[in-house]
Each structure stands twice: as C-alpha cells, then as structure tokens.
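Quick notes on the structure that follows.
Order of the sequence lines sets the chain letters (A, B, ...), proteins ahead of strands, with each chain counted from 1.
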Number of protein chains: 2
Amino acid sequence: MGIARRDEVGQRSETVRRANLSAIVRELHLSGPLTRSELVAHTGLTRSAIRGLIGELVSADIVSEEKAEPLGLPGRPSPVVKPNPTATAVLALDILVDSSAAALVGLGGVVMEQVRVDRPRGHFGVDEVIAELAELADTVRKRRPDTDPLIGVGVAVVGMVRRADGFVSMAPNLGWRDVALAERLAEVLGTTAPISIANEADLGALAELRRGVSVSAGDVLFISGEVGVGGGLIVGGEALTGSSGYGGEIGHMPINPAGLSCRCGSVGCWETEVGEEALLRRAGRPPGGGRQAVDDLLRDAAAGMPVALLALEEEGQWLGRGLAGLVNVFNPRQIVLGGLIGRIYPFVAELLERELDRLALPGSRDLVRIVPASLGVDAALLGAAELAFEPLLNDPGAWIGPRRAAALLGAGA
Amino acid sequence: MGIARRDEVGQRSETVRRANLSAIVRELHLSGPLTRSELVAHTGLTRSAIRGLIGELVSADIVSEEKAEPLGLPGRPSPVVKPNPTATAVLALDILVDSSAAALVGLGGVVMEQVRVDRPRGHFGVDEVIAELAELADTVRKRRPDTDPLIGVGVAVVGMVRRADGFVSMAPNLGWRDVALAERLAEVLGTTAPISIANEADLGALAELRRGVSVSAGDVLFISGEVGVGGGLIVGGEALTGSSGYGGEIGHMPINPAGLSCRCGSVGCWETEVGEEALLRRAGRPPGGGRQAVDDLLRDAAAGMPVALLALEEEGQWLGRGLAGLVNVFNPRQIVLGGLIGRIYPFVAELLERELDRLALPGSRDLVRIVPASLGVDAALLGAAELAFEPLLNDPGAWIGPRRAAALLGAGA
DNA sequence: GCCCGATTGTAAGAGTCTGCAACAAACATT
DNA sequence: AATGTTTGTTGCAGACTCTTACAATCGGGC
C-alpha cells in the first residue's frame, strides 16, 4: 500500500518456512479440516515437510490432529488436521446503518458467538456507538472466556476508513467526521490484540470472496447498496484499498450532470440515482422509510403495481449504466450485488443483462456474470473477522514462540 | 489474473535463491549500475550471498563487473555491477494512432536502436500494419546483430488486448476487430522469443512507473488521451489488467446521459466529452484535424483567443468531473496526464485542482497530485520493453542454464 | 485367519541456501 | 610508512526442505 518499498527485498531461508506455514494455515482456514495427505497434495510439499510444520502448529495450539475414521479405502489412514478455533479466535465488530454487531470467530471461519442489536437510523455520537460496541463485545467474550487471548480485532464501518491507523474520515450515515476509531476502541475493549478497521463494503467483498459466492474468483466487483452505495473491489484475488484505504467509493462516480446534489457535495453521483432514496422517490414514497419501506415497495411490485414496477425499471437502467462503466474500467469476472441492490436484483436481472449488452465493451462484457450476494446482513461482520485473521494467515510463525508464552502467562494470572 | 490458484503454494529453498536473483536483477534494471556494496544495502542480503549470486549472473552474461574508479573515499573500492544490454535485449514495438515504432532495449532500460514511422490516421488492414512492423523490427535488428538472441518481444497497441494470448478484441482507431496479433507477429518476426502484448495506455503507465514521473509511486492513474481516452492503472505497484486484460477503459465510463453517442455503441462516454473531437467541436473547428489542429488551438488559446479559451475551460470541467469519480473509486496518489490531455494540462491545471476540491471526497482528494506525463510519444514503446523484460526480472534463473546453451548454439551455427 | 498391495506416517542423511566471523585487499589520511 | 576504513573472500554453522528407506495401518483375496 502506498509507496512501493524496494528495500529489504532479500529473502532468507527462514522465509521459506514462514511461507510454508502460512500456506498450510491459509489452506485450512479456507477449506476447513483436511487430512495430512490432502495438505501434501494441495501445497506440493513433501510428507516430511508437512510433518514438521504441522507438528509446530500443533504444539502452538493453532491446529489439532485427530485420528481419521476409516473411509473404506486401502492404505494407511491419514490423520485429520483441523483448526483450533478457541486458540485462534478473533473479535469481529460491525457498525452498519441501522445495527451493530459483535462476533467471536475462530480459524476456519467458525462463528462461535454472535450478537446484533438494531439501532434507529440517524446520527449518533461517537461515544454512544463505542459504548454499545464495548457492551456487545463484552457479552460475547463472557460467553466464551476460553477464547482469550484474542488473535486480533476486526471492525467494519459504514464510512471511509484510512486503513493504516483505523481513522474514519467520514461516515455520513452516522454523522461522523474525523474519528480516530481504532484508538477509541483500544481504550474500551480491554485487549492488546491489534485492531484493524475497514469499510463495510470492502469487508463484504472480502467475506463473499472467502466464504460466499466469490470463492475462487479473482476479480470481483462487490456492490453494497443501502442508504448510500458502497463498493468493494477484488483485483487479482486481493482487495483494492487505494493509497490510503479510501478506495472503492463507487457510489460517488459522477453519472448524471443534470442530477441531484449529493451528500458528498458533488452533483449527480451514482448513489443519487440508485440509492434507497432514489428508489422511493421514483415510486412516489417518502424518503427515509428504511428497509421496511423498500420491502413494501418490492411487495407491491411483485403484486404488479405499475408505479412500483416503473420505479424499479428506472432504477435498473441507472444501475446498468453505472455497472457498464465499472465493467469497462475493471474488467471483473463477477459482479456481486448486496444489500438493497441485492434485494431488488430479481426484479431487474434481465434488464441489467440487456443494459450491459448495450453499453459495455464486448471484450469485458462477455465474461462477466452478475450474481446476488449470499451472506446477507452479516457479510461485513464476517469480513471483519477475515481482516483480523490476516496477520495470523500471513505469518503463523509469529504466534508460535511468543504466543505460547502469552498463553501461559494468561493461565497463570 | 483470472482464477486464483491455491495450488502449488509450497516454497522450497530454491525459491529463495530465485527471489534473491530476481531482486538483484530488478534493482539493477531500475536503478542502473550499482556497486556490490550498494546492492548489499539495497537488498539487505549479506556480502557473501551477493557474491555468489552476482557470480552466477556474470557467468550467464546477464551482468558484468568492472573495477571501480577510486572515488576519493577511504576503504576498498567496490566493483560496479552493470547490466549487460546486448545479452539481455528485448524488441519493443508499438502501434499508435498515427505512427508505429520499433526499438531494441537492453536491461537497465538502455535504448540501443529506435525507428518510428508516421502513418496517416484512419483504418488500416492488419496485414499492412504487420508488414510495417516486421520491416521496422528488421531494420533495428540488422543494425545490432549482437543483440541476438532476444529475451522477449513486447508490443503496445491502441486497442483492447487480451493479455493471455495477445488477442486484440477491438481497435477502433485502426478499424480492427478480433485479431490474433501475437500469432500473426510470431509468424513474421522470425524469433522464438515470447511475445507479450498489451494496451498502449497500460504500457504508458508502466513506462512512467519505471522510467518516468511515477517512479516510487504505488497507486497511479495514468490517462492517455488521443482520439479516444485510455487509462492505465497502477494498484499497489502493479498494473491493473482485469480478469482478461481488458481493464482500464476509463474513456468509456458513462458520464453524461444526455451526451453524444460513442463509437463503442454507448451514449455519453467520458471520451465523447474530453477526447480530441470534443475539444475541436467546442472550439468550432472541424473534427479529424489531428495533432496539428490541437496544437493550433492551443496556440490560439495562448494568444488569448476567447473561443479557444472557452473550449479549454469546458474541456477542463468535464475532465475534472471524470477525474473526481476516478479518484473516489481508486484513491490514487498520483494522476498522470499523457497525450492530448497532457498537452492541454498547462491551460487547465488550476481549474482541475478546483474541480477536484469541489467534487472529490476529502479523504481521497487530499493526497492526490496531478502531474503531466514525462515520456512523450515513446511512453508506450518503453512500456512495451518493460513488459518484455518482466519474465527475466521475475526469474533470472531461467536464463542461466538454458540461456547459455542457446547462446552457444547460436554461435556455433 | 493369513498374506498381499496400497497408502501414508516416521526417521535419518544429503543438498541447498544464507548468515556469521575472521582474514585479506585496496584505498585515504597523517 | 603506519593506521584506520571499507569491502571482497573464505570457511563454517544453521535452517530448511527433499530423498530414500522403513514401519504402520487399512482393504481385499485366498
């Protein structure tokens, strides 16, 4: 991220071990429990290498080995290696438009505990929300004290987040500006685990990539539409964050110079044409109705009410127009529609395909597939967990020496 | 690119050697000749490791060592390691709107030979252009027969290119559709070196990143404006190609639903508002005048002619509006303006900054800097060379055993 | 119930790579 | 000419994985 460092590029032989440990843990995290011999096949390492590495992971409590059930196949059965969720737990938090949540998630993506509380829409003080999060976190952690100490904390926020230090530059849906969220959370959470914060749509995209409909896709455009429209971009299997982590604000592409003025200060942004407010306005309904109002509209459309159908058609046209532009710029293989936009997808699916045929460049258009998101409200929460796992996945070795010491200290206290 | 392979991720100790060789060669390619001790400092490797690796590179003729001139400093002088351009030469070709070129470039970016021929604008048969390129290639290669055998061939084309196999899906400025360019070139060039092809703007961005104004920048948006508007995106130090290599077509973002119809079949694409034709139209001049017509317009503007100034102002507003959207989506650190857009930059610089202040999101806007491109017409050609170097930079080891054998064979024949 | 083939874990030795430390070489300064 | 500084050279040790041979555990067939 940011400036490319051409420093310290030299590799040492220790690097190999780190990379191999990382490959094994990542594989287990993504695919779930695997036998040793499956790991041999997946990683290309030899049995002896796997043996040594697994041994180390076992002794650090990151994974455990179990005798395999006989499968009815010839040959010696291979022990099953499974992630040890309690010793590798992360705390995931999210701050959405109208709810907050906390969850404890273990390696492999196992959700051990989860709480979500609704919150009316509107502006909320930073203190208020942080207190709410601290309480949620306390609730889940008290239910599972065996997950201490935590590997990390991941947070999803509806707003623009600078990744390096978890600074929220702007969160219009909450009425926030310039909040040092990571610092504030560190004070109240009572854990020394590192805190990573990112945008809700970015993390929704990550969750779909790891656990949802984008598994095994490398170039994905994820759209999360609620009040505003956010975007998460996966490029070559990795999240596009931009130079400071503010990237992906596709809701603020200028699309209609004759359009309405946007909360961001510009005019005719995409979200003024495809956001929740635009949809309700076109159907002649009052703004601010939230999820309920949109569901009513969709029910009316399903019942054949002309105003509702017309509103959805217009929505679909603007959606298609914006998507075509994004397809031309990113050439993704998959477009994932989440939130509001995922809910209206069934009504506009054919229209969207037609608009892409008409407006997008053939080379890029041909391969792209539009699909609805699969993880629902919890997408960002799961993504926050994935974000928190990242350091462990990249360098499990760091948890092997020191971590044991820390665990023993914790037990002694 | 494409599907993320989670296969064969295991690393062996040979990997380390490969990575270290790669780091050294890449460092020399980017920074030019360096002393051994500078290499030690840059890579973080030890003197003994550097010694072994350099020795291998020398014996493979990829680099050579020379005694250092005494610099007036105490201590034993460190020998200078310099790339050996003739043994590491690539052939770079470009097919632009109104010219074609060929060059022989050696490791380190040394242009050893170069030819460019102009060509009137308009549609040209594939055979015609390929014959032209073959002749240009022949010319430069005959002048430097010592560069045989070539390391690779890189080609820049004004069109949409599928990177995997060098297939040109569309090149409106040439009137091409679905041309298997890599195959066709392989037939006529008479070399077995691998041929890599990419879009002209993408390679312009790469050239600026390696040799121009974006050196040491990690997230860059490069804009190449001629008849159309192309874009090259650098994300985290690497080119964004999209899933098939068609990415970066920022000229075809929809920006004005009430705008003109575009060559691509859509309506109101960005390039219909900021391309050459739009600029001339606004100044009340006939389209198709090419570079000359634009230069006339700029001269008139410099002389204070109101129509010309007004046309440039409108151009700047549309430019700013599009840039603001791209800044919101990509959060780049730098925007590089090339081609037509680079030439008009002096006239719109302040306006652009104002428009960004007004339209882009604060977090992303704050850090971004707009600069004109530095490499001129040859940007794409230099980028094509960089593209062709890539395999050598990534794995110099592959040229160490086999390459020597090939060189000896060539000498014997 | 025993033997055989298949598959996989285990253990020891070898190979490859880099880091470390001591020494030698080449330069400037005094 | 002596001294200090920087850097190449060399030999040894450490870390890691691969190879190879062997033992363990399964199903199937006689």
Side-chain angles (χ1 to χ4, degrees), chain A residues 8-25 33-59 63-82 395-398 400-401, chain B residues 8-24 33-59 63-82 395-397 400-401:
Chain A
E8 307 286 313
V9 285
Q11 309 284 308
R12 41 203 73 196
S13 50
E14 176 202 331
T15 313
V16 175
R17 188 180 189 74
R18 186 182 325 183
N20 287 342
L21 277 173
S22 167
I24 291 177
V25 174
L34 294 171
T35 64
R36 276 207 201 178
S37 61
E38 284 169 328
L39 280 172
V40 168
H42 282 72
T43 60
L45 295 171
T46 59
R47 292 200 293 263
S48 25
I50 291 284
R51 171 184 147 75
L53 297 168
I54 296 279
E56 203 152 354
L57 292 173
V58 167
S59 78
V63 305
S64 59
E65 272 191 309
E66 283 179 16
K67 247 194 176 146
E69 310 280 314
L71 292 171
L73 293 168
R76 176 173 176 174
S78 192
V80 176
V81 184
K82 53 169 65 171
D395 185 12
I400 285 180
Chain B
E8 308 283 316
V9 285
Q11 308 284 310
R12 42 203 73 195
S13 52
E14 174 202 333
T15 313
V16 175
R17 189 180 188 73
R18 187 183 323 185
N20 287 342
L21 277 174
S22 168
I24 293 177
L34 294 171
T35 65
R36 275 205 202 179
S37 62
E38 284 169 329
L39 280 172
V40 168
H42 283 73
T43 59
L45 295 172
T46 59
R47 294 201 290 263
S48 26
I50 292 284
R51 170 185 147 76
L53 297 168
I54 297 280
E56 202 151 357
L57 291 173
V58 167
S59 78
V63 305
S64 57
E65 271 190 311
E66 284 180 16
K67 243 190 179 151
E69 309 280 313
L71 293 171
L73 293 169
R76 176 173 174 173
S78 191
V80 177
V81 184
K82 54 169 65 172
D395 185 12
I400 285 181

Smallest separation among heavy atoms of A:Arg18 and A:Pro396, with atom names: O-CD, 4.5 Å
Considering all heavy atoms, the nearest A:Val40-A:Leu45 contact: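 It is CG1-O, 3.3 Å.
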Nucleic acid footprint by protein, nucleotides 4-11 of chain C - heavy-atom cut-off 4.0 Å, B for base, S for sugar-phosphate alone: --BBBBSB
Roughly how many Å is it from [atom1] in [X] to [atom2] in [N], rounded to a whole number?
{"X": "B:Ile54", "N": "D:dT9", "atom1": "CD1", "atom2": "C1'", "result": "15 Å"}
{"X": "B:Ile50", "N": "C:dC20", "atom1": "CD1", "atom2": "C1'", "result": "16 Å"}
{"X": "B:Leu45", "N": "D:dG8", "atom1": "CG", "atom2": "C1'", "result": "16 Å"}
{"X": "B:Glu56", "N": "C:dT16", "atom1": "CD", "atom2": "P", "result": "12 Å"}

Salt bridge (Lys or Arg N to Asp or Glu O under 4.0 Å) involving A:Glu66 - partner list, sequence neighbours excluded: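 In terms of salt bridge (Lys or Arg N to Asp or Glu O under 4.0 Å), with neighbours along the sequence ignored, A:Glu66 is linked to A:Lys82.
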Sidechain-backbone polar pair: A:Thr35 side chain, A:Ser78 backbone, donor-acceptor under 3.5 Å: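 No, the answer is negative, given that no donor and acceptor are paired below the 3.5 Å cut-off.
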Derivation of the side chain to side chain contact (heavy atoms under 4.5 Å, CB included) call for A:Leu39 and A:Ile54: CA-CA 10 Å; A:Leu39 280 172; A:Ile54 296 279; 3.7 Å; yes
Side-chain N,O (B:Asn20) to OP1/OP2 (C:dC17) below 4.0 Å: no
Intermediate values then yes/no, side chain to side chain contact (heavy atoms under 4.5 Å, CB included), B:Val81 and B:Glu38: CA-CA 10 Å; B:Val81 184; B:Glu38 284 169 329; over 6 Å; no
